[in-house]
Amino acid sequence: MTGIGTTAIHGDDDLHPPGAVSPPIVQSATFGAESDERFTEVATQVRPDAFYTRYGNPNHAQVAAVVAELEGVETGLVTASGMGAVTTIALALLSAGDHVIVQRSTYGGTTSLATGLLTRFGVTCTQVDQTDVDAFARALTPRTRLLLVETPSNPLLELTDLTAVIELAHAHGAYAVVDNTFATPVNQRPAALGADLVWHSATKFLGGHSDVTAGVVVGSAELVDRVWQTAIVTGATLGPIDSWLLLRGIRTLPLRMARHNDNALALARELEAHPAVARVRYPGLPSHPQHDLATKQMSGYGGVFSLDLAGGQPAAATLLAELRLAKRAASLGSVSTLVVHPRSMWAGIVDTAQLAATGIGEGLVRVSTGIEDTADLLADFTRALDAVAGQAG
Ligand SMILES: *Cc1c(COP(=O)(O)O)cnc(C)c1O
């Protein structure tokens with residue numbers, strides 16, 4: 001196996017024709033076969049790349065191969081979004097009567113899936129504090145089939161002890177499925193710790209440029225094939241051009257992550273001392289309550305941190321208005337620094353009671369550092385936070 005930088009560039013070498021250095025975009029919904037026998041053969045293949053694009057496409061196969069190798073697993077598939085990935089996984093693995101454990105702090109869409117959509121089909125769900133391994137243990141029932149894990153979590157940057165929680169799942173015959181969007185395989189490889197499936201909102205760091213919406217699921221061929229059988233029914237199919245764009249983004253993932261990690265750590269350290277800031281949530285800071293766990297299971301701390309502003313919502317509004325380089329936008333994992341006030345953004349996605357239960361405060365601002373120069377970002381945030389402090393004083 002090659003290093004991550006090499007894998008990101010060459011992991012799909014045998015999946016496109018030699019000659020063209022950049023793989024061609026196969027913008028075709030369907031594929032011809034030379035005989036009926038050959039047609040039957042491709043139509044009955046699992047994850048074919050030359051039958052019908054909802055079933056598979058060469059551009060899908062290239063992305064799946066590279067991400068699977070980066071995550072250290074057999075194979076994968078791509079979907080039209082991160083939510084397409086997790087919904088397809090859930091529908092593939094669960095039946096009426098099953099029970100799911102989901103974290104209290106997790107992406108809002110994952111919360112909606114587990115506590116909303118799935119419950120309409122007879123699946124029950126328990127939300128747990130992910131920082132407490134015993135909370136997972138207490139939530140297990142004889143019908144628990146699936147643990148939906150996300151670490152670090154969006155937007156509170158809480159961690160799950162992957163080794164302990166995955167062991168617990170397996171001891172009870174349940175699947176441990178990990179959302180690795182925040183860390184990426186550059187910083188954390190859940191499959192090496194036993195995760196059954198790893199998925200991504202590839203819209204974020206994998207794509208990396210805020211120009212494509214996509215999802216990826218990777219794991220053993222056996223499980224990925226099961227997810228694929230459901231994917232061709234749910235039909236959350238990624239377009240070939242978007243798949244090609246995603247692969248183009250992944251080529252520079254290791255380079256970008258190194259910069260994201262450096263920028264987030266530098267900002268988190270510096271802003272922790274600012275008078276307008278009550279707390280910085282970043283796994284890379286010794287002040288993070290799970291810093292030791294972060295150092296144990298991650299090789300870098302990622303590009304996202306959150307600020308708890310002492311001045312609450314008005315302070316957050318001032319900060320977002322004052323920032324010049326950092327853009328107010330949903331999403332994260334972009335070359336450009338993005339900031340968001342989660343209480344405002346998720347008010348429309350997650351219901352009020354759920355939102356209050358997540359622990360997301362009025363003064364919380366999530367920062368996804370881009371790959372701009374560290375000094376420029378530091379200057380932007382310091383000036384904007386000075387304005388917040390000045391207003392409060
Ligand atoms: C954005 C996000 C998702 C959802 O992905 P989409 O591509 O928007 O569907 C899932 N998990 C995490 C951690 C995210 O940040």
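All values below come from the heavy atoms of this structure, side chains included, with hydrogens, waters and symmetry mates left out. Here the structure is a predicted model, which is why all the values come from computation and not from measurement.
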Quick check: do P283 and Q290 have side-chain heavy atoms less than 4.5 Å from each other? no

Salt-bridge criterion met for D98 and R143 (N-O under 4.0 Å): yes

Side chains of E372 and T337 only: does a donor on one sit below 3.5 Å from an acceptor on the other? yes

T44 side chain vs E41 backbone, donor-acceptor pair below 3.5 Å: yes

Is there side-chain contact between V149 and V177, with at least one heavy-atom pair below 4.5 Å? no

Pairwise side-chain contact, R383 with R324, heavy-atom cut-off 4.5 Å (strictly under): yes

Is it true that the side chains of T295 and Y301 contain a donor and an acceptor less than 3.5 Å apart? yes

Keeping R251 on the side-chain end and A8 on the backbone end, is there a donor-acceptor pair under 3.5 Å? yes

Salt bridge present between R104 and D132 (N-O < 4.0 angstrom): no

Determine, stepwise, if the pair R47 / T75 fulfils side-chain hydrogen bond (donor to acceptor under 3.5 Å, both in side chains). CA-CA 10 Å; R47 292 181 287 113; T75 192; 2.9 Å; yes

Under a 3.5 Å distance rule, please check whether T7 uses its side chain to pair with a backbone N or O of L70 as donor and acceptor. no

For a 4.5 angstrom cut-off between non-hydrogen side-chain atoms, does R328 reach L338? no

Would you say H99 and T126 are linked by a side-chain donor-acceptor pair, where the criterion is simply a distance under 3.5 Å? yes

Sidechain-backbone polar pair: S368 side chain, G333 backbone, donor-acceptor under 3.5 Å: yes

For a 4.5 angstrom cut-off between non-hydrogen side-chain atoms, does T119 reach T124? no

Looking at S153, is its backbone amide N or carbonyl O close enough to the side chain of Q103 to form a donor-acceptor pair, meaning the two atoms are under 3.5 Å apart? no

Joint hydrophobic cluster, L255 plus L253, side-chain heavy atoms closer than 4.5 Å: no

For Y52, look at atom OH and say whether over 12 heavy atoms of other residues, nucleotides or ligands are found less than 6.0 Å away. no

Verify same cluster id: V198, M257 (apolar side-chain graph, 4.5 Å): yes

Under 4.0 Å between a side-chain nitrogen and a carboxylate oxygen: does that hold for R189 and E71? no

Between S243 and G239 (side chain of the first, backbone of the second, donor and acceptor by atom type, cut-off under 3.5 Å), is there such a pair? no

Taking atom types as modelled and ignoring hydrogens, do the side chains of T374 and N263 form a donor-acceptor contact shorter than 3.5 angstrom? yes

When you compare the side chain of T106 with that of D179, does any pair of heavy atoms fall below 4.5 Å? no

Compute the ring centroids of H260 and F205, then answer whether they are less than 6.0 Å apart. yes

Check L15 against Q62 and note the closest heavy-atom contact, atom names and distance. O-NE2, 3.3 Å

Assess the side chains of E362 and Q313: does a donor N or O sit below 3.5 Å from an acceptor N or O? no

Nearest heavy-atom contact between N261 and G303 is OD1-N, 4.2 Å

Indicate yes or no for a side-chain donor-acceptor contact from E158 to the backbone of S105 under 3.5 Å, with no hydrogens or angles considered. no

Are V102 and L147 linked, directly or through intermediate hydrophobic residues, by side-chain heavy-atom contacts shorter than 4.5 Å (ILVMFWY only)? no

Could you verify whether a donor N or O on one side chain and an acceptor N or O on the other, from D49 and N57, lie under 3.5 Å apart? no

Side chains of residues 81-97: which donor-acceptor partners sit under 3.5 Å, not counting sequence neighbours?
{"from": "S81", "atom 1": "OG", "to": "M83", "atom 2": "N", "distance (Å)": "3.4"}
{"from": "S81", "atom 1": "OG", "to": "G84", "atom 2": "N", "distance (Å)": "2.9"}
{"from": "T87", "atom 1": "OG1", "to": "M83", "atom 2": "O", "distance (Å)": "2.9"}
{"from": "T88", "atom 1": "OG1", "to": "G84", "atom 2": "O", "distance (Å)": "2.5"}
{"from": "T88", "atom 1": "OG1", "to": "T234", "atom 2": "OG1", "distance (Å)": "3.4"}

Can you confirm whether R281 sits close enough to L307 that some side-chain heavy atom of one is under 4.5 Å from a side-chain heavy atom of the other? no

So, R248 and D211, do they make that salt bridge, N to O below 4.0 Å? no

Is any side-chain heavy atom of L146 closer than 4.5 Å to one of I101? no

Judged by atom type as modelled, is there a donor-acceptor pair below 3.5 Å linking the side chain of S306 to the main-chain atoms of V367? no

Side-chain (S334) to main-chain (S336) donor-acceptor, under 3.5 angstrom: yes

Just by distance, with hydrogens left out, do N59 and H16 show a side-chain donor and acceptor under 3.5 Å apart? no

Would you confirm whether R343, through its side chain, and I360, through its main-chain N or O, come within 3.5 Å as a donor-acceptor pair? yes

Between S299 and Q188, a side-chain donor and acceptor under 3.5 Å: no

